[in-house]
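Each remark here refers to the structure printed beneath this line.
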Amino acid sequence: MGGSPALFADLARLWRDAGGEPVVYTTRPDPLLAPVGAQGGDHGGITVRRFPARCVAPRRWAGRLLAAAGRAGPPPWQAALGFPHVLTYGYRAHLRRRAEAQDGPFRLVVGGVLPHVHFLEPAARLAARRRLPLMVIPLLHAGLLEVHGRRRVLGPAAGAILRGADAVVTLTEAEREPLEAAGVPGARIHVLPLGLDGQAVPEAAGTAGPEPPEVIQVGALSAGKGTLVLLQAWERLARTGVGAVLILAGRPEPEVRRALSRLTPAVRSRVRLLEEPDDGERDEALSRAAVLAFPSRADAFGRVILEGWRHGVAPVVAAAGGPGRLVRQGVDGLIVPPDDPGALAAALSGLLADGARRRALGEAGRRRLQSQLTWGAVFPRWRDLLESLAGAPAGGGTPP
């Protein structure tokens, strides 16, 4: 699972454990939430309802036509037709006609993720119709604002929803400025980090690994996630004779597949694709890595950085969006300029050549994770905000 579905799965589980009764509407068959069949159901106190979705504009020209049509209509029309042009079947009708009777009563509506306004806008309308407080977790990819327009990054109709929300939660300060620029009052913006479960990690994590050493990128493999820049950096490293292997663990987008096919045989022999690993394979790959390469623009936080720190793995991230605010330069990782393969290659080369330094960075991250970034440490702040908005403790009175 990527960072955003994992965050909402964790929040649902933690709210349930606090005595609440969460209802989750999703398009994903997430096993962490509901291994109960295609349409969802009850999973240990979490009600999950799934709604099928598909892209209705697979070609660029079709997307342009839909975007133009969306600009001419009211917010629901803009949300339904605007980028990323995804149609969700049955969801709007369920929220309008059946949600309260089948799943309620509700005390609070929590929604995300931008730019998927087609899913957020009906939830905001439910909150307004029932006079319920609305909390939005946009997970805004602020690093993309330097290369894409605000409308594409936030999504059409997002501004009015964000300005009308009772609370907007960001994971780092990187999202605050663009949200305020979109008209969100600063007093309604709450910065709350995500966490990981506090499972024990080996005290000697990150002190040993395979030979040759492995550099890993984990998650979606795309231009926005920095995979193309990473491959360019890796070509430079290969020419210098660095004896290391690059592991790409995730789902490659078409542009990444094309870039892999263009690599020379010598470089390609130093790149391994671990396509769509399950959770166990992903964790095993991270535990073996010497360095985590994460030059992404398209991340609000960077959950995988925490997953790497769990194993004492030092990250190299781009100074864009959440990861550039999460990592402390030279303390628990390295930060390089975004879209700069030369700087990324130099940072990776330096850590591969200096095992003591990369282990020190990874160990500092592991200590920080255990003391500050487990759910046990950070969820009380989330719970305080949720309860203040819902108007009652999770376990008291009418089911929240």
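The backbone N or O of Arg270 sits less than 3.5 Å from a side-chain atom of Trp234, completing a donor-acceptor pair. A donor-acceptor pair under 3.5 Å links the side-chain atoms of Ser388 to the main chain of Leu385, judged by distance alone. Remark: the backbone N or O of Pro22 is not paired with any side-chain donor or acceptor of Trp15 at under 3.5 angstrom. The main-chain N or O of Arg367 is found under 3.5 Å from a side-chain atom of Ser371 such that the two form a donor-acceptor pair. Side chain of Lys225 to backbone of Gly219: no donor-acceptor contact under 3.5 angstrom is found. Between the Arg297 side chain and the Gly143 main chain, a donor and an acceptor come within less than 3.5 Å of each other. Side-chain atoms of Arg358 come within 3.5 Å of backbone atoms of Leu352 as a donor-acceptor pair (strictly under, hydrogens ignored). In this structure, Glu175 contributes its side chain and His141 its backbone to no donor-acceptor pair below 3.5 Å.
Remark: of the listed residues Thr88, Asp103, Thr47, Asp103 is the sole one forming a side-chain hydrogen bond (donor to acceptor under 3.5 Å, both in side chains) with Tyr25. The side-chain contact (heavy atoms from CB on, under 4.5 Å) test with Val136 is passed by exactly one of Val184, Leu120, Leu114, Val113: Leu120.
Residue Arg92 places its CZ atom among more than 12 non-hydrogen atoms of other residues, nucleotides or ligands, all under 6.0 Å distant. Residue Arg98 places its CZ atom among more than 12 non-hydrogen atoms of other residues, nucleotides or ligands, all under 6.0 Å distant. Within 6.0 Å of atom CD in Glu177, 12 or fewer heavy atoms from other residues, nucleotides or ligands are found, so the atom counts as exposed in its surroundings. Heavy atoms from other residues, nucleotides or ligands lying under 6.0 Å from CZ of Arg129 number more than 12.
The pair Glu100-Arg130 meets the salt-bridge criterion, with a side-chain N (NZ, NE, NH1 or NH2) lying under 4.0 Å from an Asp/Glu carboxylate O. The existence of a salt bridge linking Arg359 and Glu363 is excluded, since no basic side-chain nitrogen approaches an acidic carboxylate oxygen closer than 4.0 Å. A salt bridge between Arg288 and Glu214 is present, with a side-chain N of the basic residue lying under 4.0 Å from a carboxylate O of the acidic one. Salt-bridge formation is detected for the pair Arg13/Asp197: a Lys NZ or Arg NE/NH1/NH2 atom is positioned less than 4.0 Å from an Asp or Glu carboxylate oxygen. Looking at Asp166 and Arg188, no side-chain N of the basic residue comes within less than 4.0 Å of a carboxylate O on the acidic one, giving no salt bridge. A salt bridge links Arg282 with Glu307: at least one charged nitrogen is closer than 4.0 Å to a carboxylate oxygen.
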Practice item. Carefully, step by step, assess Arg257 and Glu253 under the rule side-chain contact (heavy atoms from CB on, under 4.5 Å). Key: CA-CA 7 Å; Arg257 292 191 187 276; Glu253 295 296 322; over 6 Å; no
Practice item. Kindly determine whether Val169 and Met135 satisfy side-chain contact (heavy atoms from CB on, under 4.5 Å), including the steps that lead there. Key: CA-CA 7 Å; Val169 176; Met135 172 174 144; 3.6 Å; yes
Exercise for review: Please lay out, stage by stage, how Leu179 and Val168 fare under the test side-chain contact (heavy atoms from CB on, under 4.5 Å).
Suggested key: CA-CA 9 Å; Leu179 288 172; Val168 178; 3.8 Å; yes
Check your understanding: How far apart are the C-alpha atoms of Leu228 and Val256, what are their side-chain angles, what is the distance that settles it, and do they pass the side-chain contact (heavy atoms from CB on, under 4.5 Å) test?
Key -> CA-CA 7 Å; Leu228 299 183; Val256 172; 4.2 Å; yes
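Looking at Trp309 and Asp332, their side chains never bring a donor and an acceptor atom within 3.5 Å of each other. Between the side chains of Gln217 and Thr227, at least one donor-acceptor pair of N or O atoms lies under 3.5 Å.
Annotation: the span from Leu263 atom CG to Arg258 atom CZ amounts to 13.5 Å, rounded to 0.5 Å. Atom CZ of residue Arg107 and atom CG of residue Leu389 lie 12.5 Å apart, to the nearest 0.5 angstrom. Note that CD of Glu121 is 10.0 Å distant from CG of Leu95, once rounded to the nearest 0.5 Å. In this structure, the separation between CG on Leu11 and CG on Leu194 is 8.5 Å, given to the nearest 0.5 Å. Atom-to-atom distance recorded for Asp17:CG and Phe379:CZ is 8.5 Å, nearest 0.5 angstrom. To the nearest 0.5 angstrom, Leu134 atom CG is 13.0 Å from Arg125 atom CZ.
Between Leu334 and Gln329 there is a side-chain heavy-atom pair separated by less than 4.5 Å. Residues Leu273 and Pro252 have side chains in contact (heavy-atom distance under 4.5 Å, counting atoms from C-beta outward). Side chains of Leu154 and Val117 form no contact here, defined as non-hydrogen atoms less than 4.5 Å apart. Residues Val316 and Leu351 are in side-chain contact: their nearest non-hydrogen atoms beyond the backbone lie under 4.5 Å apart. Considering only heavy atoms from C-beta on, Pro193 comes within 4.5 Å of Leu373 through its side chain. The closest side-chain heavy-atom distance from Leu286 to Val218 is below 4.5 Å. Proximity of His190 to Thr170: side-chain heavy atoms (C-beta onward) are nowhere separated by under 4.5 Å. Between Gln102 and His94, some side-chain heavy-atom pair lies under the 4.5 Å cut-off.
No path of Ile, Leu, Val, Met, Phe, Trp and Tyr side chains, each step under 4.5 Å between heavy atoms, connects Ile305 with Leu248, placing them in separate hydrophobic clusters. Follow the hydrophobic side-chain contacts under 4.5 Å out from Phe301 and you reach Leu14 in the same cluster. Follow the hydrophobic side-chain contacts under 4.5 Å out from Leu171 and you reach Phe294 in the same cluster. No path of Ile, Leu, Val, Met, Phe, Trp and Tyr side chains, each step under 4.5 Å between heavy atoms, connects Val242 with Val245, placing them in separate hydrophobic clusters. Following chains of ILVMFWY side-chain contacts shorter than 4.5 Å, one cannot reach Leu230 starting from Val304, and the two form parts of different hydrophobic clusters.
Closest heavy-atom contact between Ala142 and Ala174: CB-O, 3.6 Å. For Ser296 against Gly224, the heavy-atom pair with the smallest separation is OG-O, 3.5 Å. Nearest heavy-atom pair, Pro323 versus Val317, reported as atom, atom and distance to 0.1 Å: O-CG2, 3.7 Å. The minimum heavy-atom distance between Arg176 and Gly186, with the atom names listed, is NH1-O, 3.6 Å. Pairing each heavy atom of Ala244 with each of Pro212, the nearest pair is CA-CB, 4.1 Å. Considering all non-hydrogen atoms of both residues, Pro338 and Ala319 come closest at CD-O, 4.0 Å.
Between His118 and Tyr91, the distance separating the two ring centers is not shorter than 6.0 angstrom.
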